[in-house]
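Order of the sequence lines fixes the chain letters, A, B, ..., with proteins taken first and strands second; residue numbering starts at 1 for each chain. Keep in mind that the numbers below use all heavy atoms, side chains included, and drop hydrogens, waters and symmetry copies.
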Number of protein chains: 2
Amino acid sequence: MSTAVVINHRARSAEQKALRRHVVIEAAETYFGEVGYEAFSMAQLAKRSGVAKGTIYLYFKTREDLFLSLYEQSLTRWSHIFIGYLSKSISSEVYAETLYDTALADGTLLPLLIRLEHIIEHNVEIHSLIRSKRVFISEVKRIAEPTSTSLKLSQAQAIEIVKTLGVLLITATRVDQGPALDNEELPNDVQELIASFSSKPFFVKNAIRIIECIRTEATSNA
Amino acid sequence: MSTAVVINHRARSAEQKALRRHVVIEAAETYFGEVGYEAFSMAQLAKRSGVAKGTIYLYFKTREDLFLSLYEQSLTRWSHIFIGYLSKSISSEVYAETLYDTALADGTLLPLLIRLEHIIEHNVEIHSLIRSKRVFISEVKRIAEPTSTSLKLSQAQAIEIVKTLGVLLITATRVDQGPALDNEELPNDVQELIASFSSKPFFVKNAIRIIECIRTEATSNA
DNA sequence: AACTTAACTGACCGATGGTCAATTATATAG
DNA sequence: CTATATAATTGACCATCGGTCAGTTAAGTT
């Protein structure tokens with residue numbers, strides 16, 4: 001068995017630092033799942049991580065830098081799960097539904113993805129931004145390969161589909177990020193509007209359209 | 001000529017209150033155009049509007065309530081402009097390009113639309129939310145009518161297209177909301193990634209796909 | 001045991017959105 | 001014209017936020 005890494009009071013070695021970072025990020029994900037992005041406070045996170053606030057800023061430059069790391073982690077985790085569901089041949093519909101279901105099952109990925117460009121990326125260092133973009137590129141490629149097999153498309157078509165559906169996924173779930181309209185205090189016309197954007201049917205419908213369009217655009221690569 | 005509405009010190013009549021609200025909202029739009037959403041401060045807005053901070057809260061319940069009103073105003077304004085560009089017969093491509101160009105020309109609409117569900121709607125009163133959704137319904141219908149003529153589609157198809165392209169627009173312009181990467185300090189692979197999501201080609205390409213798909217889905221209404 | 005290094009702490013800072021008792025402009029009544 | 005009532009306006013004030021940094025001290029080195 002491997003040597004267990006422990007931290008007495010101070011994280012001195014690189015391994016110990018990685019462990020401490022990991023502890024903070026795990027606490028952050030749990031806390032984030034409870035309160036969401038806006039109510040997430042660094043002081044609270046410090047308490048829940050068992051360290052002082054200043055310590056968190058030794059491991060993450062800013063609040064957004066922390067969220068960027070959390071995003072990378074959840075993206076990578078989801079992509080492995082999604083790929084695990086892809087068999088050697090599936091329909092566009094099943095593909096789209098699986099993509100949607102697995103992404104929504106992860107409570108962290110979409111809330112961060114939706115805030116990525118216009119909030120998170122605006123307060124991180126450029127090297128973090130580059131690292132994050134490279135994680136994205138890498139995961140797109142990773143997913144494109146089994147996508148190519150499952151949907152019987154070229155590699156280029158598969159990449160196009162993964163990128164496009166990734167963007168579409170964000171919009172399809174926007175309505176789920178709206179306020180919880182628990183009781184039915186909304187008038188019928190407004191309820192119908194919200195229902196018409198109900199994210200899964202909306203996403204699947206348009207995903208199929210796009211997949212089939214790309215499939216027929218056989219000779220479109222310059 | 002109509003009687004000019006003026007406010008000496010206090011807005012007493014309904015007309016005067018409407019005028020004061022208008023003055024604040026106009027100042028807000030200018031200020032918003034200068035600093036964007038996150039840096040927008042209510043104290044600064046008060047100074048620029050020539051009233052005290054407390055006064056603003058007499059006219060808008062919260063910061064988000066103010067932004068919701070600004071969103072409604074910019075949505076309505078844009079829809080009239082967009083409709084003005086629709087002639088009795090245009091191609092899918094021109095339609096998509098016009099929609100994109102007019103929406104981007106408005107500096108207020110997209111930055112607010114992108115934050116609508118997951119930020120703005122979470123801190124407004126339910127009656128404001130309902131009013132806002134109804135403005136949306138109304139503008140979709142208003143746009144759908146000339147869309148139906150221009151693209152030679154049924155009314156139902158036109159509504160479907162307007163709603164879907166609206167969502168697509170948000171996703172496509174997400175990349176424009178990222179940090180300004182002025183100088184070319186980004187490595188090539190990352191630059192290529194960002195370029196591949198360049199918003200106008202991305203939007204137009206997928207908009208055409210969706211329009212043409214909907215066009216061929218002739219008998220899909222349940 | 002003495003010294004050095006650097007991980008860690010938390011009081012502190014400026015700024016934020018939002019509140020409300022006090023103020024006072026203005027319409028109305030006498 | 002004056003007195004009174006009403007309500008629009010104000011800005012000091014509050015809790016809380018993300019972020020900082022001088023000081024503390026755990027732990028490796030000599």
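The aromatic rings of Y95(A) and F82(A) stand perpendicular to each other, their planes meeting at an angle above 60°, with 30° marking the opposite boundary.
A close approach under 4.0 Å does not occur between any side-chain nitrogen or oxygen of Y57(A) and OP1 or OP2 of dC8(C). In this model, the phosphate group of dA27(D) is not approached by any side-chain N or O of R12(A) to a distance below 4.0 Å at OP1 or OP2. Within the structure, a side-chain polar atom (N or O) of N8(B) is placed less than 4.0 Å from OP1 or OP2 of dT26(C). For the pair Y59(A) and dA7(C), the criterion of a side-chain N or O lying under 4.0 Å from OP1 or OP2 is not met. Within the 4.0 Å cut-off from OP1 or OP2 of dA7(C), at least one side-chain nitrogen or oxygen of K17(A) is found.
Between H9(B) and E64(B), the residue anchored nearer the 5' end of DNA chain C, judged by the nucleotide with its closest heavy atom, is E64(B). Residue-to-nucleotide proximity on DNA chain C shows that, of Q16(B) and F40(B), the 5′-proximal contact is made by F40(B).
Contact annotation for D65(B): no contact, since no heavy-atom pair falls under 4.0 Å across all strands. Contact annotation for S41(A): backbone-only contact, meaning every heavy-atom pair under 4.0 Å involves sugar-phosphate atoms and none involves a base.
By the 6.0 Å contact criterion, NZ on K163(B) is enclosed, its count of non-hydrogen atoms from other residues, nucleotides or ligands being greater than 12. With a 6.0 Å radius and a threshold of 12 heavy atoms from other residues, nucleotides or ligands, E15(B) has its CD atom at or below the threshold. Environment of CD in E145(A): sparse, with no more than 12 heavy atoms of neighbouring residues, nucleotides or ligands closer than 6.0 Å.
Distance from the side chain of R20(A) is smallest to dA7(C) among dA7(C), dG17(C), dT10(D). The listed nucleotides are dA12(D), dT9(D), dG19(D); the one nearest the side chain of K53(B) is dA12(D).
One atom, CD of E38(B), and another, C1' of dA15(C), lie 15 Å apart when rounded to the nearest Å. Taking atom CD on Q44(A) and atom P on dC17(D), their separation rounds to 8 Å, with Å as the unit. Between L58(B) atom CG and dG18(C) atom P there is a gap of 14 Å when expressed in whole angstrom units. Summarising the geometry, the separation between NE2 on H122(B) and P on dG17(C) is reported as 19 Å, rounded to the nearest angstrom. Atom NZ of K47(A) is separated from atom P of dT9(C) by 14 Å (rounded to the nearest Å).
Between the side chain of T98(B) and the backbone N or O of V94(B) there is at least one donor-acceptor pair closer than 3.5 Å.
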